[in-house]
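Structure record follows, encoded as C-alpha cells.
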Amino acid sequence: MDDWYLQSAHGVRFEWGPTGAERLAADAACVVVVDVLSFTTSVTVAVEAGTWVFPYRWRDETAATFAEDVGADLAVGRRMATASSPWSLSPAALRRAPFTPRLVLPSPNGSAIAASAGELPVIAGALRNATAVSQWLVREGYGTTERPIAVIASGERWPDGSLRPAMEDLLGAGAIIAALEKQLAEAHVHAPAQAHADVHVHVPVRADADSLAPALSLSPEASLAAAAFRTTPDVAAAVTAGVSGRELITGGFAEDVAVATERDACTVVPVLVDGAFSDRG
C-alpha cells in the first residue's frame with residue numbers, strides 16, 4: 001500500500017513542512033505546528049495577551065482584504081511596522097504593541113500547515129509553551145495509535161522556494177515530544193529496561209490494566225526529534241548560534257531570538273478554532 005509515509009504504527013509522529021503536514025494529516029487526530037522563528041512563537045505572545053490570531057497564507061495585498069473581512073488588524077513584515085501599524089511577525093514587537101482583540105498574522109509556512117490539517121485540531125507549539133502543549137494533548141487523550149498526533153516542524157525556505165529544515169524547529173518539535181514522553185511516563189509503571197538510565201534506547205510506554213492513561217508510542221522520526229532536544233546542552237545557545245538565529249540577529253532582531261528561546265515561559269495552548277488561534281489551555 002502507498003501509505004508508508006504515515007508512520008501509522010505510532011501515536012506520536014513527526015514530519016517537515018506543509019507537504020509533510022498534508023501527508024500525516026490524512027491519518028492523524030490533531031496537528032501541532034512548530035515555527036520557532038517566528039510564527040508560532042508570535043502566536044503564543046499574542047494569544048498570551050488575549051488576542052485571537054488569524055493565520056493567513058499569503059504576504060501580499062490580499063492579506064489586508066482578509067483582515068478587513070474578519071475585522072482584525074494586520075501584522076506586517078518586521079521592517080514595515082509603524083506607529084499606526086505596530087503589529088508584525090516579530091514576537092518582541094508584538095509584546096510591545098498595544099492590545100488588539102483580533103490580529104491577522106501572515107505566514108506562508110505556518111498557515112499552509114494549518115490549512116493542510118483540514119478539519120483537524122491545530123495547535124501552535126513553540127519552545128515557550130512546550131510543556132503546556134504536551135499537558136493539553138495528554139489531557140485531551142491524544143498520542144495513542146487511535147488518536148495520533150502529527151508534530152510538524154515548519155522549516156524555512158531557500159531562495160528557490162524549496163524547504164530548508166531549520167534546527168530551531170527540530171528542537172521546538174523535540175521539546176514537545178520529549179515533554180509528551182515525560183507526561184505519560186509519569187502516569188505509568190516504568191518498563192524494566194528503563195532501569196538502565198545510561199542507555200538511551202526508546203522503550204514504548206504501555207498502560208497497565210488499571211491505568212486510565214493512554215499508551216505512548218513514538219515513531220522513529222519523533223524519537224529522533226526528542227533525542228535532538230534532550231541531548232542539546234543549551235537549546236537557547238544553539239538556536240542563537242544557528243543560521244536562522246544569526247540571520248535575525250544580523251538583521252537587528254536579536255530580541256526576537258531571545259523571546260523565542262524562553263523555555264516554558266508561558267502556559268497558553270493556542271488552538272485553531274473557527275479560523276483563529278485562541279487559548280484552550
Side-chain angles (χ1 to χ4, degrees), residues 3 5-36 39-41 43-44 47 52-55 57 107 109-155 169-170 172-184 187 204-205 207 212-219 221-223 225-226 266-281:
D3 59 359
Y5 51 82
L6 291 176
Q7 305 171 34
S8 56
H10 307 281
V12 182
R13 308 167 187 181
F14 170 76
E15 258 302 344
W16 285 94
T19 301
E22 182 178 4
R23 294 283 182 150
L24 291 194
D27 189 48
C30 72
V31 172
V32 180
V33 56
V34 181
D35 187 351
V36 171
F39 174 71
T40 55
T41 294
V43 171
T44 66
V47 169
W52 282 45
V53 177
F54 294 79
R57 189 167 185 169
S107 169
N109 271 4
S111 296
I113 290 169
S116 298
E119 298 301 315
L120 297 180
V122 178
I123 300 93
L127 290 168
R128 298 189 75 244
N129 68 340
T131 295
V133 167
S134 74
Q135 290 172 340
W136 184 87
L137 290 167
V138 171
R139 190 165 64 246
E140 295 296 316
Y142 294 111
T144 65
T145 52
E146 292 77 22
R147 300 191 76 199
I149 303 165
V151 182
I152 307 296
S154 292
D169 294 340
L170 175 64
I176 293 166
I177 296 166
L180 273 168
E181 277 193 295
K182 182 179 179 182
Q183 293 295 321
L184 286 176
V205 181
L212 294 179
L216 178 73
S217 173
L218 272 59
S219 71
E221 292 82 358
S223 293
C266 73
T267 58
V268 297
V269 181
V271 180
L272 191 63
V273 177
D274 295 329
F277 285 104
S278 61
D279 184 23
R280 292 295 187 268

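Because the structure is predicted, anything quoted here is derived from the model rather than measured.
One distance of note links CZ of Phe54 with OG of Ser111; it measures 12.0 Å at 0.5 Å rounding. From Ile149, atom CD1 reaches atom CG of Leu137 across 4.5 Å, with rounding to the nearest 0.5 Å. Summarising the geometry, atom OG belonging to Ser154 is positioned 4.0 Å from atom CG belonging to Asp35; distances are rounded to the nearest 0.5 Å. With values rounded to the nearest 0.5 angstrom, Thr267 atom OG1 is found 14.5 Å from Trp136 atom CH2. Going from atom CG of Leu127 over to atom OG1 of Thr41 covers 7.0 Å, rounded to the nearest 0.5 Å. A distance of 12.5 Å separates CZ in Arg23 from CD1 in Ile152, rounded to the nearest 0.5 Å.
Nearest heavy-atom pair across Cys266 and Thr44 is SG-CB, 4.2 Å. Summarising the geometry of Gly125 relative to Ile176, their closest heavy-atom pair is CA-CD1, 3.8 Å, with the distance given to 0.1 Å.
For Gln7, the side-chain contact (heavy atoms from CB on, under 4.5 Å) test picks out Arg13, Glu15, Leu24, Ser219, Glu221, with sequence neighbours left out. Residues forming a side-chain hydrogen bond (donor to acceptor under 3.5 Å, both in side chains) with Arg139 (at least two apart in sequence, or on another chain): none. Partners of Phe277 by ring pair (Phe, Tyr, Trp, His ring centres under 6.0 Å), not counting sequence neighbours: none found.
Judged by distance alone, the side chain of Arg147 and the main-chain N or O of Glu140 form a donor-acceptor pair under 3.5 Å. A donor-acceptor contact shorter than 3.5 Å is absent between the side chain of Asp169 and the backbone of Trp16. Of the possible polar contacts, none joining the Asp279 side chain to the Val268 backbone as a donor-acceptor pair under 3.5 Å is found.
Counting only heavy atoms from C-beta outward, the side chains of Cys30 and Ile123 approach each other to under 4.5 Å.
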Criterion side chain to side chain contact (heavy atoms under 4.5 Å, CB included) on Leu218 and His10, from CA distance to verdict: CA-CA 6 Å; Leu218 272 59; His10 307 281; 5.8 Å; no
